[in-house]
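Just so it is clear: chains get the letters A, B, ... in the order the sequence lines come, proteins before strands, and each one is counted from 1. Every heavy atom of this structure was used, including side-chain atoms; hydrogens, water molecules and symmetry mates were not.
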Number of protein chains: 2
Amino acid sequence: MKLSTKGQYGVKAMYDLALHYGEDPIPLKKIAERQGISEYYLEQLIGILRREGFVKSMRGSQGGYILADDPSNIMVGDILNILEGPIEISDCIDDREVNECSKVNYCATRLIWVKIKNAIDDVVNSISLQDMVNDYKLLCEKNKDLIKKESE
Amino acid sequence: MKLSTKGQYGVKAMYDLALHYGEDPIPLKKIAERQGISEYYLEQLIGILRREGFVKSMRGSQGGYILADDPSNIMVGDILNILEGPIEISDCIDDREVNECSKVNYCATRLIWVKIKNAIDDVVNSISLQDMVNDYKLLCEKNKDLIKKESE
DNA sequence: ATAATCCCGACTATTTAACTCGGATATTCT
DNA sequence: AGAATATCCGAGTTAAATAGTCGGGATTAT
């Protein structure tokens, strides 16, 4: 059970843009380099994100991409939903079992997939790009302190 | 983002066995029919579950499968882990970015995949086969009441 | 003996993931 | 104007995983 790289790459790229929000547009090449992703492949993914309105593009020399909105308004879940498709764990319609409960249109396992889906949604819809940036900066601070102490 | 059918089929089959726990062994053919799964395909899956000690098999005529343990001791997570493999959402080692935080061995997105994994684990490790059976029986009761009222 | 059933390994077809590429279009800089 | 830099678009490729199929052997109740 695993996520595809689409979602991973998409979140990484968007996070990279979030780190530079408010600055000049970032060309894809830079993002791909920094995040260790194939540039050509990322091109496809960011194309999707652009069409969905999550990033804006500037063509031509000095062009690149910027976030279409404030990082605090973009949730990880938004990105994953678009790149991975909605979480459709099961297309479960199980009605063959004609027994004492025959009238029940019910798949015993369906509830489990629903619970899993909800749990994932809760997580990814609660984390914004800004949260990720904050976490990163916090870690940097801690690290600086650590280096400082080491050199004392 | 979706689960493979392996996990779905496996849970369905185990649930079927749980419904008949304590009775005679159930042949694979019955399970496959009732749950709407290819018998040959299910054969592979249940083979894995047998080797891992989750079900016991009886060969020969009147043979079949039974749960190796009480349904309350078998968690949905156990089944999924074996059939889908552990949840390895990302094999994220991202250390290329040499900037002001260069000493930090840290992947910005890693925390997200960890959180997702934990959320899924929490769900599937909290649901036993017995829970599923209870849910089903509860639903049957409700349904009976409903039919009763309708006929009044 | 025979029918039912598990057991095992190999085979195949389909789909998906993960890239790769060629060339068109737009923009800036010199 | 022209070169360089980028986005934009669609198509092609490769490799792996998924899902399913099959043949035949071993075991056991009737």
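At D:dT18, one or more side-chain N or O atoms of B:Lys6 fall inside 4.0 Å of OP1 or OP2 (strictly under the cut-off). Within the 4.0 Å cut-off from OP1 or OP2 of D:dG20, at least one side-chain nitrogen or oxygen of B:Tyr9 is found. Distances shown here put every side-chain N or O of B:Ser57 at or beyond 4.0 Å from the OP1 or OP2 atom of C:dC6. Using a 4.0 Å cut-off, some side-chain N or O of B:Ser4 falls inside it from OP1 or OP2 of D:dA19. At least one side-chain nitrogen or oxygen of B:Tyr65 sits closer than 4.0 Å to the OP1 or OP2 atom of C:dC7. Taking side-chain N and O atoms only, B:Thr5 has a distance below 4.0 Å to OP1 or OP2 of D:dA19. Put simply, A:Arg50 has no side-chain N or O that comes within less than 4.0 Å of OP1 or OP2 on D:dT7. Between A:Ser38 and C:dT20, a side-chain N or O to OP1/OP2 separation shorter than 4.0 Å is present.
The base of D:dC8 is paired with the side chain of A:Glu43 by a donor and an acceptor separated by under 3.5 Å. Counting atom types as modelled, A:Arg59 pairs no side-chain N or O with a base atom of D:dA6 as donor and acceptor under 3.5 Å. Looking at B:Gln62, its side chain has no donor and acceptor atom pair within 3.5 Å of the base of D:dT27.
The CD-P distance, from B:Glu84 to D:dA19, rounds to 8 Å in whole Å. In this structure, CD1 of A:Ile46 is placed 12 Å from C1' of D:dA6, rounded to the nearest angstrom. Whole-Å rounding puts the A:Met58 CE to D:dC8 C1' distance at 16 Å. Atom pair B:Lys30:NZ and C:dA4:C1' shows a separation of 12 Å (rounding to whole Å applied). Here D:dG20 presents its C1' atom at 18 Å from CD of B:Gln35, a figure rounded to the nearest Å. Whole-Å rounding puts the B:Ile48 CD1 to C:dG9 P distance at 12 Å. Rounded to an integer number of Å, the gap from CG of B:Leu17 to C1' of C:dC6 is 14 Å. Spacing between atom CD of A:Glu33 and atom P of D:dA6 amounts to 11 Å, rounded to whole angstrom units.
Two residues are said to be in side-chain contact when any heavy atoms from C-beta on lie closer than 4.5 Å; A:Arg34 and A:Ile26 meet this criterion. Using a 4.5 Å heavy-atom threshold, the side chains of A:Gln44 and A:Ile48 count as separate. Residues A:Asp16 and A:Lys12 fail the side-chain proximity criterion, which asks for heavy atoms closer than 4.5 Å. A heavy-atom distance below 4.5 Å is found between the side chains of B:Leu49 and B:Ile79. With a 4.5 Å cut-off on side-chain heavy atoms, A:Asn134 and A:Leu138 do not count as touching.
Across all strands shown, A:Gly64 has heavy atoms under 4.0 Å from sugar-phosphate atoms exclusively, and none from any base. Nucleic acid contact for B:Gly63: sugar-phosphate only, since backbone atoms but no base atoms lie under 4.0 Å from a heavy atom of the residue.
A pairwise comparison of heavy atoms in B:Tyr65 and B:Leu17 identifies O-CD2, 3.4 Å as the closest pair.
Here the nucleotide nearest the side chain of B:Ser61, chosen from C:dA4, C:dA18, D:dT7, is C:dA4. Side-chain atoms of A:Arg51 lie closest to D:dC9 of the nucleotides D:dC9, C:dT28, D:dT21.
If you find the closest nucleotide of DNA chain C to B:Leu28 and to B:Gln44, the one lying nearer the 5' end belongs to B:Leu28.
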